[in-house]
Amino acid sequence: MIPFNKPYICGKELWNIAQAHTLGQMAGDGNFTKQCNEWLEQRTGCHKALLTHSCTAALEMAAILADIKPGDEVIMPSYTFVSTANAFVLRGGVPVFVDIRPDTLNIDETLIEAAITSRTKAIVPVHYAGVACEMDTIMDIARCHDLLVIEDAAQGVMSTYKGKALGAIGHLGTLSFHETKNIISGEGGALLINDPRLAERAEIIREKGTNRSSFFRGQVDKYTWVDIGSSYLPGEIIAAFLCAQMEEADNITEQRLALWSHYHEALAPLESAGRLRRPVIPETCRHNAHMYYILLDSLETRTALMAKLKKQGVNSVFHYVPLHSSPAGLKYGRVHGGGGMTHTENLSDRLLRLPLYVGLSEEIDIILAVCINYFMGKRDVNI
Ligand SMILES: *Cc1c(COP(=O)(O)O)cnc(C)c1O
């Protein structure tokens with residue numbers, strides 16, 4: 001079987017973990033966490049980076065930092081992972097879903113302004129597949145209406161928009177190091193703070209609502225409960241693992257991009273023949289090859305191609321059930337403007353993700369052969 005994903009191990013992870021063990025540093029915010037935070041600050045240019053135990057945790061911190069109160073509205077796409085919305089719903093916020101662009105499958109920036117009401121507090125662009133949203137427009141809208149921008153850059157580590165790292169453009173940004181992402185620690189994430197005014201409170205929220213971080217820097221003489229918060233930091237074993245991955249980030253990205261381009265070139269004739277559509281990367285974006293997806297003409301074709309791939313030993317997957325139509329989305333969110341979710345509904349039925357991981361080699365040609373043969377009506381390939 002060719003799996004959909006295979007976590008890549010760089011080699012130094014266990015050595016780093018042994019170091020943390022030897023040093024007797026097991027709780028959070030030890031040397032490895034500091035190294036990871038510094039790497040993120042250097043590589044993204046953010047004001048401050050704080051490692052978290054997941055991107056979900058970073059989104060929850062962002063919702064607290066944005067001071068989301070019951071009834072406050074947060075504009076976001078419906079075509080995203082549940083945590084994008086859930087983090088705000090936990091604070092009583094209301095996700096207001098707008099449709100996506102048919103080219104990048106990112107939030108349609110031209111629909112945002114009309115979705116703003118007196119209750120709107122924030123905009124949450126999600127950089128789907130590590131390809132940036134139209135951030136200049138989104139930041140302009142936010143400035144005009146005095147809103148916060150929280151980038152869900154879970155899939156966007158090492159990607160840029162007009163040369164700026166994803167997650168380092170809005171007031172806040174969140175990254176994921178879940179094993180299905182490009183750079184991993186099993187579970188893991190980070191909050192990038194770009195607005196310096198939010199930095200001190202972010203540290204407090206992450207440390208159970210205490211000023212423990214200032215205490216350790218010698219800025220206060222005792223530490224105590226000063227705000228709401230929770231435990232959002234990972235232990236050092238996770239950070240030690242992640243540190244080894246960060247060292248290899250350029251290499252990982254390069255290898256993923258090579259696989260991505262291989263798919264992209266090999267599938268060009270099928271796109272020209274009108275059988276499928278390939279991902280679109282705008283000129284302003286440098287992406288990180290987080291995923292390779294194809295868009296088929298219908299749900300029926302997707303189901304049939306997936307079954308064909310499965311029969312040939314290839315695991316392909318699709319996602320997301322649009323949040324506005326999910327049970328919790330119906331209960332906690334609303335669609336802006338009553339029913340304009342055409343692209344979200346249509347594209348989510350037709351999207352198929354193909355295996356992409358460092359270590360995928362000749363198998364990629366088997367995957368491609370199955371796809372090409374499916375459309376050319378040939379017999380099954382022998383594997
Ligand atoms: C993976 C993902 C998340 C959640 O990341 P975790 O680290 O698993 O919490 C959130 N948003 C998007 C868009 C994602 O792809």
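The basis for the numbers below is simple: all heavy atoms, side chains too, and nothing from hydrogens, waters or symmetry mates. The shown structure was predicted, so the numbers you read here are calculated from the model rather than taken from an experiment. For reference, positions follow the sequence shown, starting with 1.
Asn37 places no side-chain N or O within 3.5 Å of a backbone atom of Lys48 that could act as its donor or acceptor partner. When atom types are taken as modelled, the side chain of Glu200 and the backbone of Arg197 share no donor-acceptor pair closer than 3.5 angstrom. The backbone N or O of Pro125 lies less than 3.5 Å from no partner atom in the side chain of Asp152, so there is not a single donor-acceptor pair. With hydrogens and angles ignored, the 3.5 Å screen pairs no side-chain donor or acceptor of His324 with any backbone N or O of Val335. Here the side chain of Arg278 pairs no donor or acceptor atom with the backbone of Glu271 at under 3.5 angstrom. Judged by distance alone, the side chain of Thr301 and the main-chain N or O of Asp297 form no donor-acceptor pair under 3.5 Å. Asn288 contributes a side-chain N or O that, together with a main-chain N or O of Val157, makes up a donor-acceptor pair within less than 3.5 Å. In this structure a side-chain-to-backbone donor-acceptor pair under 3.5 Å is present from His53 to Ser231. Using a distance-only test at 3.5 Å, with no hydrogens or angles considered, a donor-acceptor pair links the side chain of Asp72 to the main chain of Lys69. Side-chain atoms of Asn5 come within 3.5 Å of backbone N or O of Glu179 as a donor-acceptor pair.
Of the residues Arg334, Lys121, Arg119, the one that meets the salt bridge (charged side-chain N to carboxylate O under 4.0 Å, His left out) test with Glu73 is Arg334. For the side-chain contact (heavy atoms from CB on, under 4.5 Å) criterion with Ile2, the lone passing option out of Leu354, Ile367, Asn315, Leu309 is Ile367.
Side-chain contact between Cys133 and Ile138 is present, with heavy atoms from C-beta onward closer than 4.5 Å. The side-chain heavy atoms of Arg286 and Met158, taken from C-beta on, include no pair separated by under 4.5 Å. Looking at heavy atoms from C-beta onward, Glu203 lies in side-chain contact with Arg217 at the 4.5 angstrom threshold.
Remark: Lys162 NZ is packed, more than 12 non-hydrogen atoms of other residues, nucleotides or ligands lying under 6.0 Å away. Tyr357 OH: more than 12 foreign heavy atoms inside a 6.0 Å radius. No more than 12 heavy atoms of other residues, nucleotides or ligands shown are found within 6.0 angstrom of OH on Tyr332. The local environment of CG in Leu14 is sparse, with at most 12 non-hydrogen atoms from other residues, nucleotides or ligands closer than 6.0 Å.
The closest side-chain donor-acceptor pair between Gln155 and His127, if any, does not fall under 3.5 angstrom. Side-chain contact check for Glu134 and Tyr161: at least one donor-acceptor pair (N or O, by modelled atom type) lies under 3.5 Å. In summary, the side chains of Gln19 and Asn16 do not present any donor paired with an acceptor at a separation below 3.5 Å, with no hydrogens or angles considered. Glu236 and His21 are not linked by any side-chain donor-acceptor pair at a separation below 3.5 angstrom, with hydrogens and angles left out of the test. For the residue pair His145/Glu113, the side-chain donor-acceptor check at 3.5 Å is satisfied. Counted by atom type alone, His343 and Asp108 present zero donor-acceptor pairs between their side chains at under 3.5 Å. A donor and an acceptor atom, one from each side chain of His178 and Thr180, are located under 3.5 Å apart. At a cut-off of 3.5 Å, with distance as the only test, a side-chain donor of Glu363 or Ser361 sits close to an acceptor on the other residue.
Rounding to the nearest 0.5 angstrom, the gap separating the CG atom in Leu59 from the OG1 atom in Thr174 is 4.0 Å. Distance check: Tyr232 OH to Ser54 OG gives 9.0 Å after rounding to the nearest 0.5 Å. To the nearest 0.5 angstrom, Tyr292 atom OH is 9.5 Å from Ile364 atom CD1. The CG atom of Leu351 lies 6.5 Å from the CG atom of Leu105; values are rounded to the nearest 0.5 Å. Here CD1 of Ile372 is found 12.0 Å from CZ of Arg275. Values are rounded to the nearest 0.5 Å. Here the straight-line distance linking atom CD1 of Ile193 with atom CG of Leu191 works out to 4.5 Å at 0.5 Å rounding.
Note on ring orientation: taking the six-membered ring where Trp is involved, the planes of Tyr320 and Phe81 are tilted (angle from 30° to 60°). Below 30°, between 30° and 60°, or above 60°: for Phe216 and Tyr223 the angle between ring planes is between 30° and 60°, a tilted geometry.
When ring centroids are compared, Phe97 and His336 stay outside the 6.0 Å threshold. When ring centroids are compared, Tyr128 and His319 come within the 6.0 Å threshold. Between Trp260 and His287, the ring centre distance stays below 6.0 Å.
Listed here is the closest heavy atom pair of Gly333 and Val94: CA-CG1, 4.3 Å. Minimum interatomic distance between Met26 and Ile237 (heavy atoms only, all atoms of both residues): CE-CD1, 3.6 Å. When all heavy atoms of Pro355 and Val314 are compared, the closest pair comes out as CG-CG1, 3.9 Å. Summarising the geometry of Phe88 relative to Ile68, their closest heavy-atom pair is CD2-CG1, 3.8 Å, with the distance given to 0.1 Å. The shortest non-hydrogen separation linking Leu352 to Ser316 is CD1-OG, 3.6 Å. Gly170 and Asn194 make their closest contact through O-ND2, 2.7 Å (heavy atoms, listed as atom of the first residue, atom of the second, distance).
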